[in-house]
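Predicted model only: the values in this text are computed from it and were never measured. To find a chain, count down the sequence lines: A is the first, B the second, and so on, and within it residues start at 1. Quick note: numbers below take in every heavy atom, side chains included, and nothing from hydrogens, waters or symmetry partners.
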Protein chains: 2
Amino acid sequence: MPTSGLMPRVTLREVADHAGVHPATVSRALNPETQAMVNSETLARVLASARELKYQTNTIARSLRTQRSLTVGVLIPDIMNPLFPSIVRGIEDTLDKADYTSLIAYTDGRADRVTARLDRLRQRGVDGLIVATAQLRDPTLEALLEEGVAVVQVNRRSTSRLIPSVTADAAGGMLAAIRHLAELGHERIAYAGAPLRVSTGRARIDAFRRGMRAVGLELASERIEQTESVSVGEGARVGRELLERDPQLTAIVTANDLIALGCYDAVREAGRDCPADVSVIGFNDMPFTDRFDPPLTSVHFDQYEMGATAAAMLLRRLAGEESGAPRVELETTLVVRASTAPPPRA
Amino acid sequence: MPTSGLMPRVTLREVADHAGVHPATVSRALNPETQAMVNSETLARVLASARELKYQTNTIARSLRTQRSLTVGVLIPDIMNPLFPSIVRGIEDTLDKADYTSLIAYTDGRADRVTARLDRLRQRGVDGLIVATAQLRDPTLEALLEEGVAVVQVNRRSTSRLIPSVTADAAGGMLAAIRHLAELGHERIAYAGAPLRVSTGRARIDAFRRGMRAVGLELASERIEQTESVSVGEGARVGRELLERDPQLTAIVTANDLIALGCYDAVREAGRDCPADVSVIGFNDMPFTDRFDPPLTSVHFDQYEMGATAAAMLLRRLAGEESGAPRVELETTLVVRASTAPPPRA
DNA sequence: CTCCTTCTTGCAATCGTTCGCAGAAGTCTG
DNA sequence: CAGACTTCTGCGAACGATTGCAAGAAGGAG
């Protein structure tokens, strides 16, 4: 009859009986907050009993009583995108230190799944949420805000200034990318962006435009295009489009490493070479970019750190220590590798 | 006063009052199992009330009462290893269909963290476990088995034949890899393996030995070495070692793509070229291997499928439909890319 | 010796469900 | 029309912890 499941078997009551005290006393003895209330002699006895019986608090029972689950929901668009494991890891580690556990939910970028996942998480009684799926205009998030749910956005953010967020500094990264290309001598620079309905898409195209102006280069609308979704395939499609519209372009700046990979394909299909004929720059500097062929020049930021600070912000909020809605922007730097080179001589 | 948390606010009792019935009736009406017990008229009324009040069951309360959390713990050595996101995704998707949720825990491959994570999961009352961290001799797993906990191993497995597992067919993959090299004309083939304390390390070196014998090639012990851990750095170390011991070797078969990447580095450092001078073959065929420089020839298996079948096995076990301990081996195939070529002419 | 603190512990209610048991209708059979 | 049977719903006790309240003991002040 091996079907005991993993539920902890020894209860508070049993420890109490063993130590000859009331369950309430055991509860107090085991909780650091209330430990001071109990006589040091009894405390020792209770602790000994607990250890002997290998007592473990039943989190479920506690949560029911205290109305706090010590659990945080994490909404991720797609775990297959190599950007997210590092972020998740940062979240996980910091929550862990505060005895919180994270419940991760994947949405595949589909809005209907967002609500479904959200309901699921709510049913499980999460105390707060970290959301990496924010749309620029996101009614779902605003509804959560209305309800007074603790929410923090990571990587992407919505227009609502009331929800805290941790994002990467698009302006700095883009400017560095464009400067780098300009210094190499590029002039006809194209942009392959992410969908405008998410903040990263929006912020990065804005940053691209400003950056081009800043270095005094021409902004031709035929050299700017967005993908429908963030994927290698879409990147290839847009890359082809750009190369067709302006065969003279010598560089493509992208909003994302996956899109950049797609552009590699497009360049190759057009019978050209990266970086000899066309330079390509990515964004995010996801793991293994240095291994690609050619190694990808990309805008880098600390992804682990992004997750960690988002989690820390949420914890502060849950502890009631923070009531504002800070918008943290993480520093970005350009990592130059081999996908960028001087333009071919005309 | 925005601190309501995410706990569902409307309770069964409120729905009952609204519908003019007893809470127990609402409970029965909402549970598919017991729905048949309630009169269709009352059923309709209760359902209407529930919908109107947007009732959502409080999973925590239910779990406390039923002693089942509908939660499964997943132990992963390292989420940063690109092999695991796909597996996790497969697990997640199949659990989801059965209304189970997964609690993911990362161990960083450290044994002490395994027990800590396990205690954590147990406190949270998981119904079963999917373990990707198994050591070949794993007392922890055996202890769990003793306790009658439902456990399934994925990717790696321990020696205990009592615990179900889903792994990749090492023999088939290795043989295909060696055949491929032999056909290209290689003779001095080296092996860079994973640690022998995990089953993948053990199984793959055995498979390598058998494969070499099968095609009639010499098995020189100086051309066989294992890493201490599964990482690019360790792969490079072992690669260097192998190249130093036998500078004449023309191919390296590895137990893992990360190790293969390390071998790329070692080959390059030795002033040689892959694949012109040294061919390299990986194992796992993780995402983006086709993007590496050169694109990596690797032994492939369906990682998503691996996670999915492991989850399905656990679910069956939890439903009491399965009492044996099946050991599923997933088919492996060699994906030939550009890291393998004929050996240089002597 | 009484009154008032301070410390320590026990009592019992509560969190939101589920489920065994029992009872109230209603139906059927002979 | 009595008795047996089915169908439906309510009652109340769990599940395992936490916590406000009260009470007993001990000690000090007046």
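Salt bridge B:Asp93/B:Arg89: present, at least one basic N to carboxylate O contact under 4.0 Å.
One cannot find a donor-acceptor pair under 3.5 Å joining the base of C:dG16 and the side-chain atoms of B:Arg9. No donor-acceptor contact under 3.5 Å links the side chain of A:Arg65 to the base of C:dG16.
When the side-chain nitrogen and oxygen atoms of A:Gln67 are compared with OP1 and OP2 of C:dT14, none of them lie within a distance under 4.0 Å. Contact annotation: A:Thr11 does not reach the phosphate of D:dG16 (side-chain N/O to OP1 or OP2, under 4.0 Å). Contact between the side-chain N/O atoms of B:His22 and the OP1/OP2 oxygens of D:dC11 is found at a separation under 4.0 Å.
Between A:Asp17 atom CG and D:dG16 atom P the separation is 13 Å, expressed in whole Å. Atom P of nucleotide D:dG10 and atom CZ of B:Arg13 are separated by 12 Å, given to the nearest angstrom. Spacing between atom CG of A:Leu12 and atom P of D:dC15 amounts to 14 Å, rounded to whole angstrom units. Atoms CG (A:Asn58) and C1' (C:dC15) sit 13 Å apart, rounded to a whole Å. If you measure from atom CD of B:Gln123 to atom C1' of D:dA17, you get 13 Å, rounded to the nearest angstrom. The CZ-C1' distance, from B:Arg28 to C:dC21, rounds to 11 Å in whole Å. With rounding to whole Å, A:Asn31 atom CG is found 13 Å from D:dA17 atom P.
Around the CD atom of A:Glu33, the shell of radius 6.0 Å holds no more than 12 heavy atoms that belong to other residues, nucleotides or ligands. The environment of CZ in B:Arg197 is crowded: more than 12 heavy-atom neighbours from other residues, nucleotides or ligands sit within 6.0 Å. In this structure, A:Arg327 places its CZ atom where more than 12 heavy-atom neighbours from other residues, nucleotides or ligands lie under 6.0 Å away.
Partner of A:Ser158 under the side-chain hydrogen bond (donor to acceptor under 3.5 Å, both in side chains) criterion, chosen from A:Gln153, A:Gln135, A:Arg137, A:Glu142: A:Gln153.
Checked against C:dC11, C:dC19, C:dG16, the side chain of B:Ala24 finds its nearest nucleotide in C:dC19. Nearest to the side-chain atoms of B:Arg62 among the listed nucleotides D:dG10, C:dT17, C:dC19 stands C:dT17. Nearest to the side-chain atoms of A:Thr25 among the listed nucleotides C:dT9, C:dC19, D:dT19 stands C:dT9.
The stretch residues 33-55 of chain A comes close to DNA chain D through A:Tyr55, each having a heavy atom under 4.0 Å from the strand.
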>> Using side-chain hydrogen bond (donor to acceptor under 3.5 Å, both in side chains), reason through B:Arg68 and B:Tyr100 one step at a time and then give a plain yes or no.
In response: CA-CA 10 Å; B:Arg68 299 181 58 222; B:Tyr100 273 79; 2.7 Å; yes
> Do A:Thr101 and B:Arg124 pass the side-chain hydrogen bond (donor to acceptor under 3.5 Å, both in side chains) test, and can you show the C-alpha distance, the side-chain angles, and the key distance before you say yes or no?
Replying inline: CA-CA 9 Å; A:Thr101 303; B:Arg124 292 216 119 86; 2.4 Å; yes
